[in-house]
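Below: the structure, in structure tokens.
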Amino acid sequence: MFNSVRTFSFLFGYLPFSLKDLRKVQNQRHLLSTEDYDVLVHRQPKKWADGILKRTKSTFEKN
């Protein structure tokens, strides 16, 4: 039960923190190349997904 609570709190608690960083990147978009912008924008969702996989003790295999 504790793991479920911890996972849900991470799932929804991470959003306000990631939005702050994503807005910062969006404000700097005109200063970045398309490649750099894409890397920065996709960093937060990757951290979030990695955290969920870690907390649920899941594994992911890329084909």
Charged N-O contact under 4.0 Å between D50 and K46: yes

Side-chain (R55) to main-chain (G51) donor-acceptor, under 3.5 angstrom: yes

Side chain to side chain contact (heavy atoms under 4.5 Å, CB included) assessment of Y37 paired with Q28: CA-CA 9 Å; Y37 178 77; Q28 297 175 354; over 6 Å; no

L22 versus V41, closest heavy-atom pair with distance: CD2-O, 3.6 Å

Interatomic distance, L40 atom CG to L32 atom CG [nearest 0.5 angstrom]: 6.0 Å

Distance, nearest 0.5 Å, that separates CD of Q44 from NZ of K20: 10.5 Å

